[in-house]
Structures are given as C-alpha cells and as structure tokens.
Amino acid sequence: MHVLILGGTTEARALAGLLHPRVRVTSSLAGRVAAPRLPAGEVRIGGFGGPEGLAAWLREHTVDAVIDATHPFAERISFNAAAAAATAHVPLLALRRPGWVPVDGDRWHDVASLDGAAAALEGLGDRVFLTTGRMGLAAFADRPEWFLVRSVDAPESPMPARTEVLLDRGPFTLDGERALLAAHRIDVLVTKDSGAAATAPKLTAAREAGIPVVVVRRPPVPTGVPTTPTAEGAAAWVAAREHDGR
C-alpha cells in the first residue's frame, strides 16, 4: 500500500512515523522552510502543478490513499488535493487539528484575514508580537506600530518599517513566552488560529498579562472530505483500508 501524506506539520510527521515501514509512505513538503524536519519514509519537496499535476502524480506512483495533513492555512493545497483525489479515484482523508477556543479572561478579536488583522490593530497597542509566519507581512507594512516578528526562516520585504525579527521554532514553553512578552514590552499579540499545543503557550501568557489577541480565523476547507483530528485516527483509517484491500 502506498500512502501520500501532504504537509510538513507535526501531525504529518507523527503519522508518517506510525505508518512507516509497515506501508510505503511518501510525505510531500511545500519547501517553504529552508531546513524542514523530515518525516520517516520517502520525502518529496515542491508543488505538483495544481490539481491536474497532483492527479497525474497519484496515478504514476500508484498511490492508494492520500492524507491531507497540511497547515490549516494552506487552503490551496487542500482544495487541490480534493479535486485530484476525485479525478484519480483515490480515497482522501483530511487530518485537521482542532482550532483554539477562547476561555475566561481572553481578550480575542477575531478577523477573517491578515488585512483584517492589520486594520484591527488600531488603538489596541503600540508593541505587537506578530506570529503569523514570514509570509504575508506585506499586510502590515504600512502600520506605524513596532513589531516583533517570530518565524522559522528570515522574512523578506515588504514588512513594517519598525520590525525586529526573532528566528525560532516551536514548541514554545509558557515560561519562555511570559519572559518574551515582558522583555519586549508587548501589548498586543497577532496570531493565526493554527491550533496545536506547540504554539498555544503564547495565548496563555497573553491572557495572564491582559494583552489583547488578534486571531485570524481559518479559511474555508473542501466539503465532503472525511476528517480526523489526530495522527492516530488517520493511521486507523489507513489500517482499515489495508484490511479492506486484502
């Protein structure tokens, strides 16, 4: 059995580890990170050339199942995967981590886009901790606030004129996030609703400090695709298909 896993997320790596070497696993990474953490099994890096290219790849490499374990904000590949799987008649499962849910004490401001997040900063604070990744900084380029931008790789222009870049990779600790907010005198946090525990401590630290949080909500996903919230659930789905194929 050959399984294609789309995505370089924590869940995607965990799933590859659960499946390999029992089944043949190919993990596809977008290539946006210079030194990605590589999963078990085979790895390919780069795009497929849209849904038609992905469908052709599935046929050429005799793929028996596809797992969309991409980042919650990688909406294009999710729609491409749904279209390609339907064209190639290959079963598709989406591994979607649960989103974050506000609790008592949170001061969240929900927005639908990065542009919306930039607009929402008006009057919230002057020192912004921006954790939306290195892509999309152009949305904040004209903002007058001071920004601390945290990302795995160095961002490129355009970006806000008053920016300090912090290169770091999660998981992050609560104590570390508390210290970071205090050291940089952060008074507003901007984040995407990426979910997962690895980057959640910043939300707790912001709540404790009474700092408002601008949360960019997730984009739409394809309808009609079965989903699971865990790598274990995805592994069970693959095992069921193995059993049915015998």
Side-chain angles (χ1 to χ4, degrees), residues 8-11 32-33 37 70-75 96-221 229:
T9 58
T10 300
E11 294 83 1
R32 292 181 177 177
V33 176
R37 294 171 177 168
T70 54
H71 191 275
F73 284 81
E75 66 268 31
R96 305 201 190 283
R97 66 176 71 147
W100 290 319
V101 178
V103 300
D104 288 345
D106 282 326
R107 299 172 56 196
W108 287 15
H109 300 260
D110 290 345
V111 296
S113 65
L114 290 176
D115 288 337
L121 288 175
E122 193 69 37
L124 286 183
D126 296 315
R127 297 182 65 83
V128 182
F129 184 23
L130 186 58
T131 65
T132 56
R134 66 189 180 93
M135 310 294 288
L137 292 185
F140 302 89
D142 295 330
R143 295 299 311 176
E145 297 87 358
W146 178 89
F147 288 83
L148 176 65
V149 174
R150 182 167 69 190
S151 63
V152 175
D153 293 322
E156 299 178 356
S157 295
M159 66 179 71
R162 302 168 61 207
T163 296
E164 179 177 334
V165 175
L166 174 62
L167 299 182
D168 204 355
R169 187 199 303 258
F172 302 104
T173 66
L174 179 55
D175 284 344
E177 300 293 61
R178 287 168 174 157
L180 185 149
L181 295 182
H184 293 278
R185 307 191 312 281
I186 299 299
D187 53 18
V188 59
L189 167 66
V190 179
T191 185
K192 292 178 177 178
D193 179 20
S194 58
T199 55
K202 64 189 173 188
L203 300 174
T204 302
R207 180 171 61 251
E208 293 176 349
I211 293 173
V213 181
V214 178
V215 180
V216 182
R217 286 304 181 188
R218 297 180 177 187
V221 295

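Nothing here was measured: the structure is a model prediction, and the numbers come from that model.
With contacts defined as side-chain heavy-atom distances shorter than 4.5 Å, the pair Leu180/Leu166 qualifies. Contact annotation: the side chain of Phe147 approaches that of Leu121 to within less than 4.5 Å [non-hydrogen atoms, C-beta and beyond]. Under the 4.5 Å side-chain criterion, counting only non-hydrogen atoms from C-beta, Asp193 is not in contact with Pro72. At a threshold of 4.5 Å between non-hydrogen side-chain atoms, the residues Val103 and Arg207 count as touching. Considering only heavy atoms from C-beta on, Val190 comes within 4.5 Å of Thr132 through its side chain.
Nearest heavy-atom pair, Ala200 versus Trp100, reported as atom, atom and distance to 0.1 Å: CB-NE1, 3.7 Å. When all heavy atoms of Leu114 and Met135 are compared, the closest pair comes out as CD1-O, 4.2 Å. Taking both residues in full, the closest heavy atoms of Asp187 and Pro212 are given as O-CD, 3.3 Å, listed atom of the first, atom of the second, then distance. For the residue pair Leu174 and Ala205, the shortest heavy atom distance occurs at CD1-N, 3.8 Å. Residues Ala154 and Arg134 come closest through the heavy atom pair O-CD, 3.8 Å. Gly195 approaches Arg97 most closely through the heavy-atom pair C-CD, 3.7 Å.
Note that CZ of Arg217 is 8.5 Å distant from CZ of Phe73, once rounded to the nearest 0.5 Å. Within the model, atoms NE2 of His184 and CZ of Phe129 stand 8.0 Å from one another, a figure rounded to the nearest 0.5 Å. Arg37 contributes atom CZ, which lies 7.0 Å from atom OG1 of Thr10 (distance to the nearest 0.5 angstrom). Rounded to the nearest 0.5 angstrom, His71 NE2 and Arg96 CZ are separated by 12.5 Å.
Applying the side chain to side chain donor-acceptor pair (under 3.5 Å) test to residues at least two apart or on different chains, the pairs with a partner in residues 138-151 are Glu122-Arg143, Arg143-Glu145, Arg150-Glu177.
No donor-acceptor distance shorter than 3.5 angstrom exists from the side chain of Thr191 to the backbone of Leu130, with no hydrogens or angles considered.
Legend: residues meeting side chain to side chain donor-acceptor pair (under 3.5 Å) with Glu208, ordered by chain and number and at least two apart, are Arg178.
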Exercise. List the steps and the verdict of side-chain contact (heavy atoms from CB on, under 4.5 Å) for Leu189 and Leu181.
Key: CA-CA 9 Å; Leu189 167 66; Leu181 295 182; 5.8 Å; no
